[in-house]
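Proteins get letters first, then strands, A, B, ... in listed order; numbering begins at 1 in each.
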Amino acid sequence: VTLLEQNPRWRLVPRGQAVNLRCILKNSQYPWMSWYQQDLQKQLQWLFTLRSPGDKEVKSLPGADYLATRVTDTELRLQVANMSQGRTLYCTCSAGGQGISNERLFFGHGTKLSVL
Amino acid sequence: GEKVEQHESTLSVREGDSAVINCTYTDTASSYFPWYKQEAGKSLHFVIDIRSNVDRKQSQRLIVLLDKKAKRFSLHITATQPEDSAIYFCDSGSWQLIFGSGTQLTVMP
């Protein structure tokens, strides 16, 4: 059973252009939604966790700038700008409880971004 | 900041042998330690976890051991099969959501 629908699966991004990613939650039992990046060396890094509609956060990392938005209870978005190196972005979801770090993560299929 | 170190970046074993992947962490407040598997070209999925109230957990061929004094936990895969070949990531369970750097496991026929 797929808990997350993540699109697009792959995108070629011209240098200097931003790209918008979308993640749809299919099961409300796992409302904590997050974004992770995986670089070309396979290193995973947490980016954001947004629980409530209207939550918005920004972050700048080496090689990309990010803006994450929890649009609704079921939709999470990520804008990636100023990307200089390819990467894969994963959407995840998890249950609440003691805190999001105490529950397993379910990963979406990922969006692979390559720089043109 | 808090860290989690995954000690083996690559590991090769013969089919049928056991594989062990070790992680250490720094956050003494960590209480939940999941492991994830990533097969080539695919996303990650959960394989097993352990909470800090136990020292050992087994799920079929997977065993996780936790040593809270040493701040160390390990994944043991027994009777390895070719389909176990993948990258395995440990997660320290820190509120900072830190993953280990991954271990590429290759099971040779």
Practice task
Would you give the length of the straight line joining atom CZ of B/Phe89 to atom CG of A/Leu105, rounded to the nearest 0.5 angstrom?
Solution key: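 Nearest 0.5 Å value for the CZ-CG distance: 12.5 Å.
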Tell me whether [X] at atom [atom1] has more than 12 heavy atoms from other residues, nucleotides or ligands lying less than 6.0 Å away.
X	atom1	answer
B/Gln60	CD	no
A/Lys56	NZ	no
B/Lys3	NZ	no
B/His76	NE2	yes

Exercise for the section: Could you tell me which portion of B/Leu44 (side chain, backbone, both or neither) has an atom closer than 4.5 angstrom to a non-hydrogen atom of chain A? Expected result: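 Both parts, backbone and side chain.
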Handout entry: Contacting moiety of B/Tyr36, where chain A heavy atoms sit under 4.5 Å
Key =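 Interface part for B/Tyr36: side chain.
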Practice task
For residues B/Gln38 and A/Gln38, determine if any side-chain heavy atom of one lies less than 4.5 Å from a side-chain heavy atom of the other.
Solution key: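 Of all side-chain heavy-atom pairs linking A/Gln38 with B/Gln38, at least one is under 4.5 Å.
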Handout entry: B/Ser43 to A/Gly108 - nearest heavy-atom pair and separation
Key =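 Here B/Ser43 and A/Gly108 meet closest at OG-O, 2.6 Å.
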Exercise for the section: Quick one: closest heavy-atom pair of A/Arg104 and B/Phe46, and the distance? Expected result: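 Smallest heavy-atom distance, with atoms named: CZ-CD2, 3.4 Å.
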Exercise for the section: Give the cluster check for A/Leu44 versus A/Leu78: same hydrophobic cluster or not, with ILVMFWY residues linked at side-chain heavy-atom distances below 4.5 Å. Expected result: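 No, no single cluster joins them.
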Practice task
Consider only side-chain heavy atoms of I, L, V, M, F, W and Y, link residues closer than 4.5 Å, and tell whether B/Val13 and B/Ile21 are in one cluster.
Solution key: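 In one cluster with B/Val13: B/Ile21, yes.
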Practice task
Tell me, out of B/Gly100, B/Gly102, B/Ser101, who's got the most heavy-atom pairs with chain A below 4.5 Å.
Solution key: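 It is B/Ser101.
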Exercise for the section: Heavy-atom distances under 4.5 Å only: say whether A/Tyr36 touches chain B with side chain, backbone, both or neither. Expected result: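 When you check distances to chain B, only side chain atoms of A/Tyr36 fall under 4.5 Å.
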